Amino acid sequence: MRIDVYDSAADLADALAERVVRAIIAKPGINLGLPAGRTPIALYRAIVAASRVQDVDWSRVRTFNIDEFVVPASPAGSHDSRGPFERFIHRHLLDLVNVAPSNIESLNGQAPDLAAECDRYERAIVRAGGLDLLLLGIGANGHVGFNEPAASLHDRTHVATLAEATRHANAHLFGDDASVVPQQALTMGIGTIMDAREIVLVATGSEKAAAVTAMTTGLMAPQVPASMLQPHPNLTVILDRAAARR
Ligand code: GLP
């Protein structure tokens with residue numbers, strides 16, 4: 001794996017945005033995998049800015065969110081049947097570029113049959129030709145997507161039970177109340193992630209330093225799900241100084 005360290009989170013966002021924009025220009029029909037979480041906010045802001053300055057055409061880009069909470073189905077006729085992560089990615093990125101709504105694929109955490117929804121998602125990724133570029137965050141406990149530390153990990157998109165620490169880390173999306181963060185989520189599996197042709201994992205801030213060290217210098221272990229990505233042939237870990245401090 002390649003590790004790039006930037007002086008600040010802002011420098012990192014600008015450099016990575018340029019990389020994403022160049023990838024879209026090189027392959028206008030690119031299939032992107034997109035994370036939610038606080039880390040990508042600055043990145044998405046930089047991608048939107050770079051797309052405007054360079055007049056980047058997103059009309060053929062296809063996007064796949066990496067994970068989504070399992071939430072109760074919205075009442076019939078409700079305007080917004082999007083899940084929390086889907087809304088988040090729309091607000092910070094997809095509503096601000098000219099991506100075609102029909103090219104946005106999302107995991108539906110309100111699906112009546114969650115296992116069938118996971119299978120549908122795997123098929124949708126394959127039908128699209130696979131993920132070209134997958135952007136990933138990392139949890140402070142080493143999770144990627146919602147693949148939590150465990151004795152063994154799921155290969156494919158599945159229903160995950162969230163660790164207590166992960167529910168706390170996501171409370172900001174639920175009125176800062178960890179008690180109402182869903183217990184379950186849907187997530188691409190480690191195999192789904194490994195199948196992406198290129199992975200860029202981003203971590204900023206000192207609270208990610210331990211997970212970054214475990215992922216990059218430790219043995220591969222399911223207790224550190226991100227470490228399972230080590231054998232990927234095209235993996236870049238992008239850090240600010242705080243996340244790289246160890
Ligand atoms: C969350 C999500 C991940 C995200 C990670 C880091 O729980 N499941 O997709 O990458 O944890 O989140 P953040 O960037 O807010 O630290």
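Sequential numbering from 1 along the given sequence is applied to the chain's residues. Because the structure is a prediction, the values reported are computed rather than measured. Atoms within each ligand, like the ligands themselves, are counted from 1 in listed order.
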Looking at Met215, is its backbone amide N or carbonyl O close enough to the side chain of Gln230 to form a donor-acceptor pair, meaning the two atoms are under 3.5 Å apart? yes
Side chains of Glu148 and Asn141: donor-acceptor distance under 3.5 Å anywhere? yes
From Thr187, Thr157, Asn65, residue fulfilling side chain to side chain donor-acceptor pair (under 3.5 Å) relative to Tyr121: Asn65
Atom pairs, nitrogen or oxygen, ligand 1 to protein, under 3.5 angstrom:
| from | atom 1 | to | atom 2 | distance (Å) |
| --- | --- | --- | --- | --- |
| ligand 1 | 7 (O) | His143 | NE2 | 3.1 |
| ligand 1 | 7 (O) | Asn170 | ND2 | 2.8 |
| ligand 1 | 8 (N) | Asp67 | OD2 | 2.8 |
| ligand 1 | 8 (N) | Gly145 | O | 2.9 |
| ligand 1 | 9 (O) | Asp67 | OD2 | 2.8 |
| ligand 1 | 11 (O) | His143 | NE2 | 2.8 |
| ligand 1 | 14 (O) | Arg38 | N | 3.2 |
| ligand 1 | 14 (O) | Thr39 | N | 2.9 |
| ligand 1 | 14 (O) | Thr39 | OG1 | 2.5 |
| ligand 1 | 15 (O) | Arg38 | N | 2.7 |
| ligand 1 | 16 (O) | Lys208 | NZ | 2.6 |

Ring geometry between Phe146 and His143 (parallel below 30°, tilted from 30 to 60°, perpendicular above 60°): tilted
Under the side chain to side chain donor-acceptor pair (under 3.5 Å) test, which residues partner Arg19, sequence neighbours left out? Glu198, Thr236
For the residue pair Phe69 and Phe88, is the inter-centroid distance of their aromatic rings smaller than 6.0 Å? no
